[in-house]
**Q** 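Take a look at this one; I'll ask things after.
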Amino acid sequence: MSCHHPDWESAGTGEVRCGRCGTRRFTDYGALRPPGLPETVKPPARVRAKADRAAALLISRTAYHLSHWGLSGRAALTLAG
């Protein structure tokens, strides 16, 4: 069944429904967020340093693997040829 929702009809406050397939679309809503700015959370220096080291290690491993990604097949052909 392929419905492109040509038959929208009001189904209540802030809601419309397709008369063909029953799909609902909500029209009157916004992001739920309490008033004011969110509270800033700053982890201790020890935790931040540990996260920095973990990220650096991950990046270094990824860079190494990406730099050698296409060489394995070529190296085997060079040795065989």
Side-chain angles (χ1 to χ4, degrees):
M1 179 175 136
S2 177
C3 179
H4 298 285
H5 313 298
D7 194 18
W8 292 109
E9 51 193 44
S10 180
T13 305
E15 180 183 336
V16 291
R17 184 180 300 258
C18 177
R20 238 190 220 175
C21 67
T23 300
R24 293 186 303 171
R25 177 183 288 169
F26 299 100
T27 58
D28 282 341
Y29 69 94
L32 299 176
R33 183 176 149 204
L37 296 174
E39 182 180 337
T40 303
V41 177
K42 187 175 180 183
R46 174 182 51 81
V47 175
R48 293 192 314 260
K50 187 176 179 180
D52 286 345
R53 284 192 300 275
L57 181 62
L58 180 66
I59 290 169
S60 69
R61 287 180 178 169
T62 303
Y64 174 79
H65 288 297
L66 288 177
S67 66
H68 291 83
W69 181 58
L71 297 180
S72 60
R74 194 171 352 157
L77 291 174
T78 305
L79 293 175

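Reckoned from all heavy atoms, side chains included, excluding hydrogens, waters and symmetry mates.
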**Q** Once side chain to side chain contact (heavy atoms under 4.5 Å, CB included) is applied, do any residues pair with P44, and if so which ones, sequence neighbours excluded?
**A**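 Residues passing side chain to side chain contact (heavy atoms under 4.5 Å, CB included) with P44: V47.
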**Q** With rounding to the nearest 0.5 angstrom, report the CZ to CZ distance, R48 to R53.
**A** 12.0 Å
**Q** Checking R25 now: which residues fulfil salt bridge (charged side-chain N to carboxylate O under 4.0 Å, His left out) with it, not counting sequence neighbours?
**A**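 Counting only residues at least two positions away or on another chain, R25 forms no salt bridge (charged side-chain N to carboxylate O under 4.0 Å, His left out).
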